[in-house]
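Presented below is the structure to which this report refers.
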Amino acid sequence: MKKIIIKTAVIGLLVAGMTSCTDDLNISSIDPKSSSTYDATELLAKQYATLGLTGQTGPAGNADISGDEGESGFYRTVFNLETLCTDECIWAWQTDTDIPALTTIAWSSSSVRVNWAYQRLAYDVTLYNQFISEQTGKMSDDVIAEVRFLRALHYWYFLDLFHKAPFKDTFNADMPVEKAGKDLYDWIDQELTAIEPTLKAIGSYDNSSNFGRADQGAAYALHARLALNSAVYTDGATKDYQKAKDYCDKIISSGAYALSENEKNGFSGYAQVFMGDNDENPQAMKEIIFAIRQDGSKTEEYAGSTYLVSSMRISGMPYANTDNYWSCNFARKNLVEKFFPTDNIPMAKADDALTKATEAEVIAKDNALGVSTADVIAAAGDDRAMFYTGVGGGIRTLSPGKQITGFLNGASIVKWSNQRLDGASGHNRTFSDTDIPLFRLAEIYLTRAEAEYRLGGQSDAALKDLNVLRTRAHAVAKTSIDNNILIDEWCREFYMEGRRRSDLNRFGLFTGSKYLWDFKGGVAGGSGIDTHFSIYPIPANDISGNPNMTQNPGY
């Protein structure tokens with residue numbers, strides 16, 4: 001896929017048929033039917049490039065969507081809506097556009113970041129519809145099925161975030177219609193069922209030459225995720241837990257994938273999945289079912305893994321492997337407490353501070369104090385506790401207290417890294433090499449565990465699947481299973497992977513006051529919020545531009 005993605009700079013696309021969804025974004029492009037540079041293979045590349053890139057020439061310039069190009073990318077927009085409003089992290093700079101609304105869960109139909117996600121999803125769907133319309137019968141059926149998978153993935157994000165979509169599955173000038181709830185759920189379910197036999201066999205693209213393309217494994221994984229959330233998406237009308245389990249069974253029994261388990265060069269199997277060479281490390285690749293491809297030299301971006309790495313680093317942190325320090329996202333106390341329930345995480349104190357220290361001096365001081373990331377992991381008894389609480393970049397507190405003042409208000413998260421197994425940085429110390437696993441085998445084990453638990457009478461099987469992940473993390477095995485154990489394990493395994501809001505919703509914990517976290521509801525310590533915040537509003541400009549769309553309740 002990297003060979004394909006590199007070529008996307010020469011591709012432009014006519015965007016039509018979803019005009020209400022593109023608002024005044026000034027989308028400018030080339031009609032492939034008239035462009036002399038048009039090539040079908042490159043057009044396929046553009047479909048995948050929409051996941052990790054934001055335009056035609058790099059991090060800024062000739063963007064797909066006008067405005068702040070870095071903020072308009074697929075992964076960054078959906079990640080923010082799924083993560084910044086949860087118990088996992090806080091964005092340090094509360095004066096940034098619309099950030100307080102996400103931090104405190106107080107958005108409205110005019111919220112800019114909600115609009116960015118909605119516009120990106122709609123834009124990408126239009127590209128996919130054009131490709132499917134114009135290339136069916138010209139390109140092979142399995143290639144068409146790949147793009148239909150990408151379209152289904154985007155409609156899943158619409159369903160998860162908004163519970164509805166401005167829906168089109170054709171490329172023409174007609175206005176999109178509203179498809180919501182069970183109707184949208186059923187369409188995605190049926191679409192995946194239709195394309196699965198046509199896609200390449202499960203695991204076909206889990207290799208260096210095709211890594212990042214969608215085969216049956218990707219479709220099965222999306223289908224399992226869709227089915228696990230069925231009761232949420234259909235307001236209880238459908239509970240497809242058996243279907244979720246069945247798709248997980250297909251993936252696990254195929255033997256096409258395996259967890260990354262073996263330590264290499266001091267990096268745990270878990271850590272290797274999120275490193276700069278995770279597309280070259282056979283063990284990490286074997287766990288990843290479908291990834292967004294990234295390359296610091298060839299796919300420069302501010303909305304993919306560069307965002308994940310740079311937003312969680314500050315100058316002075318050791319092993320940063322980047323010169324691009326944004327110092328934005330830090331851990332909420334509630335995330336740390338998933339690994340340290342009594343707040344006993346090793347942390348440097350104010351009188352431990354260093355000034356103008358070299359990286360070697362910071363590392364030596366951290367080791368002497370017992371506050372390095374390795375010390376944190378050892379104290380947690382869990383390889384997944386990838387926090388930095390040492391002296392590099394300044395002294396951290398566990399939480400902001402009553403007011404968010406900056407990046408050092410919480411532990412630093414170092415799960416995402418631009419470092420390679422040999423210790424070197426990625427190709428570029430400004431932009432990240434790290435591919436983003438949208439689906440990985442760990443999700444399949446935990447999905448099956450939850451599905452088995454919800455089906456009832458299979459608690460032993462559910463516990464066994466859950467403990468597969470805990471064993472990989474060298475954590476003590478659980479001896480029982482319940483809702484609290486499951487939702488906490490989802491957090492420990494998948495924090496900062498852009499799914500936490502969805503998981504909390506499934507357990508009935510995102511809204512209301514049953515579960516509180518820092519600044520939920522706008523106050524330190526958290527407060528209950530109304531149930532209408534369980535889904536996002538349809539942006540006001542789309543409501544006004546498309547008479548077929550209706551607003552979600554409460555907005």
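Just so you know, these numbers use all the heavy atoms, side chains as well, and skip hydrogens, waters and symmetry mates.
S432 pairs by the side chain to side chain donor-acceptor pair (under 3.5 Å) definition with S305, T434, not counting sequence neighbours. Looking at residues two or more places apart in sequence or on another chain, you find a side chain to side chain contact (heavy atoms under 4.5 Å, CB included) between D141 and T198. N278 meets the side chain to side chain donor-acceptor pair (under 3.5 Å) test with no other residue; sequence neighbours excluded. Every residue two or more places apart in sequence or in another chain that forms a side chain to side chain donor-acceptor pair (under 3.5 Å) with K338 is listed here: Y515. Residues meeting the ring pair (Phe, Tyr, Trp, His ring centres under 6.0 Å) test with F387, sequence neighbours left out: F339, Y495. Shown here are the side chain to side chain donor-acceptor pair (under 3.5 Å) partners of R76, two or more places apart in sequence or in another chain: E71. H163 pairs by the side chain to side chain contact (heavy atoms under 4.5 Å, CB included) definition with V232, Y233, I535, not counting sequence neighbours. Under the ring pair (Phe, Tyr, Trp, His ring centres under 6.0 Å) criterion, Y157 pairs with F74, not counting sequence neighbours.
Sequence neighbours left out, the pairs with a member in residues 186-205 that pass ring-ring contact (aromatic ring centres under 6.0 Å, His included) are Y155-W187, F167-W187. Applying the salt bridge (Lys or Arg N to Asp or Glu O under 4.0 Å) definition to pairs two or more places apart or across chains, those involving residues 456-469 are R448-D465. Screening residues 239-248 for side-chain hydrogen bond (donor to acceptor under 3.5 Å, both in side chains), with sequence neighbours left out, gives Y185-D240, D189-K243, E196-Y247, H223-Y247, Q242-D246, K245-D249. For residues 481-493, the pairs satisfying side-chain hydrogen bond (donor to acceptor under 3.5 Å, both in side chains) are R384-E489, R384-E493, R440-E493, E450-W490, R470-E489, R472-E493, E489-R492, with sequence neighbours left out.
Between N467 and K478 the shortest side-chain heavy-atom distance falls below 4.5 Å. Counting heavy atoms from C-beta outward, D435 and F211 have side chains that approach closer than 4.5 Å. Using a 4.5 Å heavy-atom threshold, the side chains of M386 and F274 count as separate.
Within the cation-pi definition used here (under 6.0 Å to the ring centroid, within 45° of the axis), R225 qualifies as a partner of W156.
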**Report entry** Residue pair D169, R151: steps toward the salt bridge (Lys or Arg N to Asp or Glu O under 4.0 Å) verdict
**Finding:** CA-CA 9 Å; D169 60 0; R151 182 177 64 182; 5.5 Å; no

Report task. Determine, stepwise, if the pair F171 / Y128 fulfils ring-ring contact (aromatic ring centres under 6.0 Å, His included). Result -> CA-CA 9 Å; F171 183 71; Y128 304 147; over 10 Å; no

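For Y536 and Y118, the ring centers sit 6.0 Å or farther from each other.
Under a 4.0 Å N-O distance rule, the pair R213/E146 qualifies as a salt bridge.
Ring geometry, F533 versus Y555: the interplanar angle exceeds 60°, so the pair is classed perpendicular (tilted spans 30 to 60°).
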